[in-house]
Each structure stands twice: as structure tokens, then as C-alpha cells.
Amino acid sequence: MGFFERKDHALIFRENGEVVQVEAWGEDSLRVRSRFLGDIEDGSIALLDPKPSQAQITIREWDAEISNGTIRAVIEVQRWGRDGRITFYNQNGDILLREIANGGALMLKARSYHVKPGGNFTLKVSFDSNPEEKLYGMGQYQQETLNLKGCNLELAHRNSQASIPFYISSLGYGFLWHNAAVGEVHFGTNTTQWTAQSTAQMDYWITAGDTPAEIEEHYADATGKAPMMPEYGLGFWQCKLRYYNQEQVLSVAREYKKRSIPLDVFVIDYYHWPRCGDYRFDEEYFPDPRSMIRELHDMGIETMVSVWPQVDWRSENFEEMKQQGLLVKSNAGIDVQMLFHGNNVFMDATNPRTRAYVWEKCKKNYADLGIRTFWLDEAEPEFGTYAYEQYRYYAGPVEQIGNIYPREYARLFYEGQQANGQTDIVNLIRCAWVGSQRYGTLVWSGDIMSTYEDFRKQICAGIHMGLCGIPWWTTDIGGFHNGWIESEEFRELLIRWFQFGTFCPVMRLHGCRQPATPIINQAGEVREQTGADNEIWSFGEEAYPILRHFISIREQMRDYTRSLMKKAHEKGTPVMRALFYEFPQDPVCWDIKDSYLFGGDILVAPICHPGARSRRVYLPKGAQWTHAGTKQIYPGGSWYDIDAPLETLPIFLRDGRQSYLLGQL
């Protein structure tokens with residue numbers, strides 16, 4: 001018996017206790033699994049079952065290969081040590097990705113297993129690195145970086161960080177680390193190195209494509225696509241930290257209606273409940289929520305309410321949830337996983353019984369009142385210390401499985417809403433993992449600061465998230481922390497951010513505006529504060545007409561935005577796109593991090609530096625570009641200095657398309 005065997009449509013390699021399995025998994029794609037001292041586990045943490053395909057497998061004494069469409073994997077037995085080294089090629093014979101060699105006497109391991117107590121392993125997988133390669137995706141990291149080559153990234157979630165371990169390479173492939181364990185990836189210039197802190201086996205998926213669009217569509221087929229964005233997701237959303245009572249909510253909504261300003265969604269933020277885990281309105285501040293929601297709906301406004309996964313020890317549901325085993329467990333010590341207005345533990349969204357319990361509460365106290373969309377905050381979840389090894393889910397130790405939490409949290413509500421007969425579902429959430437898009441998730445970028453630096457980081461974050469299969473993405477317009485509404489510097493920042501937000505997949509105004517006002521209830525208990533005003537008329541006479549005008553621009557784009565959402569639903573196409581997505585043959589486009597395409601036709605160049613009234617803009621080669629404001633036509637393939645007075649930003653229309661915007665910007 002030799003090193004290799006064929007099993008159905010999979011190529012198997014065995015040597016010295018390790019088994020490696022490579023099989024066709026979708027068009028032009030392969031799934032690769034390895035296990036040490038055991039059989040390959042079936043099942044999938046994120047990949048969908050593929051359509052049947054006929055892989056071509058050839059076995060020789062010292063090497064074997066498997067081909068599926070345009071991708072081919074060769075496993076070569078290294079004579080020193082007899083480790084199997086995997087190399088991936090495209091249809092032209094170009095190397096896409098290759099495991100490291102064992103180095104002869106160095107005895108290196110491309111797939112390195114280190115035993116952990118209890119039987120699992122710390123796994124390290126290493127590939128050769130082409131220093132000229134450029135990498136994009138991996139989710140949302142708060143850094144002003146587009147090309148991830150050279151980056152070290154934590155494979156774990158935090159407030160404002162969403163780890164989605166998929167990237168697109170400029171060499172013509174996409175790679176998914178199909179493992180929900182906490183870990184790290186190092187995109188070095190000598191090697192690329194993936195680490196899972198605790199896992200039973202290696203599992204990754206690789207696909208080939210001639211364009212970024214082909215790669216993205218293969219990935220969407222493999223992991224799922226977003227539903228169709230509801231109509232109410234296309235317009236303007238109003239939010240702040242926080243509308244603390246029914247009177248505030250209705251007075252602001254009525255003012256928007258009085259001013260004839262289109263408003264699609266009104267968001268009621270956290271601590272509208274008595275205690276975390278109560279999953280209902282606090283009757284002291286919301287005495288008649290049913291009539292409030294009815295009035296909002298009569299005005300054509302959807303009501304969104306915040307839900308937190310924390311459960312306060314004093315919650316009316318805590319003892320039952322604890323007794324029924326519906327909560328995340330600490331491995332040792334007292335179960336206090338976050339301190340905020342009390343001692344809190346997290347509901348366990350990976351437990352199907354928890355999902356049923358929490359949805360039943362939310363159905364009774366929210367959905368049955370007419371609420372059809374939810375804000376799923378704290379979705380990482382936000383452990384007080386992010387000491388992942390200290391906690392355990394129903395699905396397993398957080399160190400081993402923790403990154404699925406935000407997806408299962410979204411699943412809780414999406415499946416509940418579906419069972420309730422709802423079809424037009426979108427829920428706002430603060431984190432995501434592979435496959436989250438299937439559950440109607442609109443990801444926003446977390447509690448970021450109100451600074452130009454953080455503003456610039458969100459441009460990169462939105463581009464990366466789109467490439468990771470999350471087409472529904474947004475940000476707190478103006479940033480979340482430290483926005484003082486009387487500050488002229490902040491007002492300018494908010495205007496510039498609002499202009500950017502107009503050309504995001506969802507346009508949502510939010511923030512913890514200063515100065516805030518403390519809230520004390522009738523029992524004398526300090527409640528969560530309410531921030532300063534955050535409506536579009538709250539930032540002075542200069543800002544108001546600009547902000548109102550950009551809401552009207554958003555309304556004019558409704559048909560176009562709807563068409564982008566349709567493409568995202570049908571093909572997995574990002575709404576917010578890197579320039580190289582549409583123009584991969586233009587090498588300059590692979591390095592542009594401060595402008596992007598809203599769909600295929602509108603190039604957006606945000607003004608993201610204080611006091612700027614102009615900026616340099618690169619227009620991709622292969623198209624003519626019409627300035628939406630001046631109507632001037634520019635040839636592609638060059639840089640231009642473009643004026644940008646406070647009331648506008650540089651917007652360019654590809655080959656004159658979407659001409660209804662001409663003269664509006």
C-alpha cells in the first residue's frame with residue numbers, strides 16, 4: 001500500500017499518523033482537511049454542501065494530484081521525512097499557494113500539531129509567501145490598511161473587530177480558514193502562518209478565479225448569500241445613544257415628518273429595558289409601546305429595538321435561564337462575564353434551546369407589538385477581559401469554537417422571524433463570522449471614536465467586509481465616542497462622515513453625543529444616560545441643509561441601491577467595492593485605500609482629513625469618468641486634484657452612468 005488512495009472524489013494521503021484529504025468543493029474549488037491520529041471529521045462549520053463535481057485524480061508513487069475546473073492540487077512526498085507538501089496551481093500552471101517545505105535537516109512541518117490537555121491540538125499551518133502578492137478581506141480590523149500583506153491579525157472578535165478568515169489574493173485565488181477557533185494569522189513576506197489555539201483537525205477551502213468577481217462568486221456559492229434587502233433598508237435611519245422614553249421617540253419622529261424628511265427606520269437603543277435579560281420595554285419610560293410603534297408605522301417608519309445578549313443576575317429571567325443551562329459558562333470562579341449596570345453573564349446563542357427561549361420572549365414583548373427589525377448589540381460577545389480560554393459554550397470551549405457566536409446570535413432572530421411569517425428581514429449586528437450573511441445581518445463597525453483617523457479606517461473596513469461575503473455593512477455616522485455637538489471641528493467631521501454614509505450599503509446616523517444627561521428612575525436608581533441631540537437639525541445652520549440634501553441624494557439612488565442589493569443577493573457581489581474589483585487590470589487600483597466604488601457605476605472619494613477642501617483622486621483606467629457635480633469628463637488612468645467644498649465630495653460616474661446624479665453633487 002502506498003502513500004495515496006482515492007476515496008470517491010477525494011484524494012487521500014497517509015503518513016506517520018497523519019491523514020490528509022483533498023476534495024472538490026464547488027466550482028474551481030477544493031477543500032483540504034488533515035487530522036493527526038484519527039479519522040477526518042465530517043460536517044462543516046460554515047461551508048455549504050456543494051453541487052456534485054467530477055474531480056480528476058492521478059496517483060503516482062511519490063506524488064498525486066487532484067483537479068477541479070481551473071484549480072489543481074499536487075501532493076508531493078518529500079524524500080526527507082516523507083511529509084506530504086501541497087501546491088495549488090491555476091489552469092495556466094501558475095503557483096497560487098504552496099505549503100512550506102520541511103527544510104531537510106530543519107524538519108519543519110507545514111501542518112504542525114501540538115497536543116493540548118484533553119486531546120485537542122494547537123495547530124499551525126504554514127505556506128510559502130510571495131512578497132509581491134496582495135491580500136484583501138479577513139473581516140473588520142480597525143486599521144487604515146487595505147493590502148494586508150505584512151499584517152498580523154488576531155482570529156477573534158472584539159468590540160469593533162470582526163474576524164472573518166477569508167481573503168482574496170492578487171495572484172488569482174481566494175482562501176478560507178474553515179476553523180472557528182481563536183487564533184492568529186501572520187501574512188509575512190517569507191511565510192503565511194495560520195494558528196488555531198485549540199482544534200481537532202485542519203480544515204481550509206481554496207478557490208481559483210481569473211477576476212476578483214469570479215473568486216467572490218465562488219465564495220458566496222460556498223458559504224451562502226444575503227437575502228434581498230428589504231425596502232426599508234435602502235433609505236435613511238435615525239438613531240442615537242439613547243432615546244430613553246416614548247415621548248422622545250415620538251417627538252423626534254414627528255419632527256422628521258413635519259419637515260418632510262424621509263426616514264425609513266427609527267432605532268431605540270439599549271436600556272429601554274429594566275434589566276439586561278428582561279427582553280421587554282421598561283413601563284416607566286415606555287408606558288404604551290404598542291401605540292408608539294403603531295404611530296411610527298403610520299408615519300411609514302419601521303421601529304428597531306436593541307437587544308443585548310447579557311443577562312443581569314437581577315433579571316426576571318436569570319434564575320430560569322441558569323437552571324435550564326441557557327447561559328455561557330465560566331470554566332472557573334464566579335460567573336460574572338461583564339460588569340455594566342450590574343453583574344452580567346451571556347446567553348448562549350450556540351445552544352438551540354437558548355435560541356428558542358430568547359426568541360419566545362422577544363416575540364411576545366417586541367414582535368407581537370409590531371417590531372420587525374432588531375439591533376443585536378454586544379455580538380462578539382464583549383467579555384469583560386476577552387480571556388477566551390476562560391469560557392465555554394454549548395457548542396464547545398470558546399478557545400475552540402468561539403468565533404461562531406455572532407452568527408448564531410443572528411440566526412436566533414432570523415429563524416424566529418421566519419417562523420413568525422416575516423420575509424423581509426434585516427437585523428443590525430456588531431459582529432459577524434463566515435455565513436452570517438445568510439441570516440439577514442447588517443454589520444456595523446462598533447464603538448469607534450469620532451476622529452478623522454477612525455473615519456478613514458471605516459473606508460478600509462467596509463471594503464474588506466464586502467470581500468468577506470458581508471454586503472450589508474454600515475458605520476455610526478460621525479463616530480460613536482466623544483462627538484461634542486457644539487464643536488465646530490466635530491460638526492465638520494459629521495458632515496464629511498454623513499456624505500460618506502450616503503454611499504454606504506445602509507445610511508445610519510448614530511453616536512453617543514456630548515454633553516450627555518444622566519437619568520435616574522423613580523426608585524432613585526441611576527439608569528444609562530441619554531446623549532445630546534443627534535438629529536440632522538442638531539448641528540447648526542450650516543450643517544442642516546447639507547445633511548438634508550444628502551438624504552435626498554440617498555432617496556434619488558433608491559432604484560440603483562436596490563439593484564446593488566439584488567446583485568448581492570443573487571451573486572454575492574459586494575455593494576461597497578474596492579477599485580480593483582471592477583478594474584483588476586489596472587495595477588494602481590490594488591493600492592487605493594481612501595476611495596471605492598458604490599456598486600459598479602459610482603466612484604466615491606470621501607473627504608477624510610480635517611479642513612480639507614480638495615483631494616487627489618485616482619480614476620481607474622478602462623473608463624471615462626464624469627464628475628457628478630461639475631459634469632466635467634475625465635479620462636481614466638490618471639490622478640486629478642478635485643475641489644471639495646464643505647457642501648459636497650468628489651463623486652464620479654463611470655462612463656456617464658447614473659446620470660440622474662449630475663448636478664446634484
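The figures that follow rest on heavy atoms only: side chains count, while hydrogens, waters and symmetry mates do not. Just so it is clear, the model here is predicted, and its values are computed rather than measured. In this chain, numbering begins with 1 at the start of the sequence shown.
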Do Phe503 and Leu603 have side chains that approach each other closer than 4.5 Å (heavy atoms only, starting at C-beta)?
no
Can you sort out the partners of Gln143 under side-chain contact (heavy atoms from CB on, under 4.5 Å), two or more places apart, ordered by chain and number?
Tyr141, Thr145, Leu148, Cys151, Leu153
Answer yes if the side chains of Asp28 and Thr207 hold a donor-acceptor pair under 3.5 Å, and no otherwise.
no
Once side chain to side chain donor-acceptor pair (under 3.5 Å) is applied, do any residues pair with Asn427, and if so which ones, sequence neighbours excluded?
Gln417
Under 3.5 Å donor-acceptor, Arg242 side chain and Glu528 backbone
yes
With sequence neighbours left out, the residues meeting side chain to side chain donor-acceptor pair (under 3.5 Å) with Asp312 are Arg314
Classify the ring geometry of Phe383 against Tyr391: parallel below 30°, tilted from 30° to 60°, perpendicular beyond 60°.
parallel
Test of understanding: with ring pair (Phe, Tyr, Trp, His ring centres under 6.0 Å), list the residues that count as partners of Tyr581, not counting sequence neighbours.
none
Taking only residues two or more places apart in sequence, or in another chain, which ones meet Ser563 in a side-chain contact (heavy atoms from CB on, under 4.5 Å)?
Tyr560
State which residue, out of Trp273, Tyr366, Tyr244, fulfils the ring pair (Phe, Tyr, Trp, His ring centres under 6.0 Å) condition with Phe281.
Tyr366
Go through the structure and list residues passing ring pair (Phe, Tyr, Trp, His ring centres under 6.0 Å) with His341, not counting sequence neighbours.
Tyr271
For Phe550, give me all partners under ring pair (Phe, Tyr, Trp, His ring centres under 6.0 Å), at least two apart in sequence or on another chain.
none
Among Arg430, Arg407, Arg158, find the one that has a salt bridge (charged side-chain N to carboxylate O under 4.0 Å, His left out) with Glu380.
Arg430
Residues 460-473 vs side-chain hydrogen bond (donor to acceptor under 3.5 Å, both in side chains), sequence neighbours excluded, gives Gln140-Trp473
Would you say Tyr388's side chain and Ala181's backbone share a donor-acceptor pair under 3.5 angstrom?
no
Nearest 0.5 Å, what's the CD-CD distance between Gln238 and Glu255?
11.5 Å
Got a donor-acceptor contact below 3.5 angstrom from the His481 side chain to the Ile448 backbone?
no
Listing request: all salt bridge (Lys or Arg N to Asp or Glu O under 4.0 Å) pairs with a residue in residues 356-371, at least two apart in sequence or in separate chains.
Lys363-Asp368
According to ring pair (Phe, Tyr, Trp, His ring centres under 6.0 Å), who are the partners of Tyr136, at least two apart in sequence or on a separate chain?
Phe580, Trp590
How are the rings of Tyr405 and Phe346 set relative to one another: parallel (under 30°), tilted (30 to 60°) or perpendicular (over 60°)?
perpendicular
Going by the salt bridge (Lys or Arg N to Asp or Glu O under 4.0 Å) test, which pairs reach into residues 211-220, not counting sequence neighbours?
Glu217-Lys571
Can you say whether the rings of Trp194 and Trp177 are parallel (under 30°), tilted (30 to 60°) or perpendicular (over 60°)?
parallel
Once salt bridge (Lys or Arg N to Asp or Glu O under 4.0 Å) is applied, what residue pairs with a partner in residues 225-237 remain, sequence neighbours excluded?
Asp221-Lys225, Glu231-Arg558, Glu231-Arg562
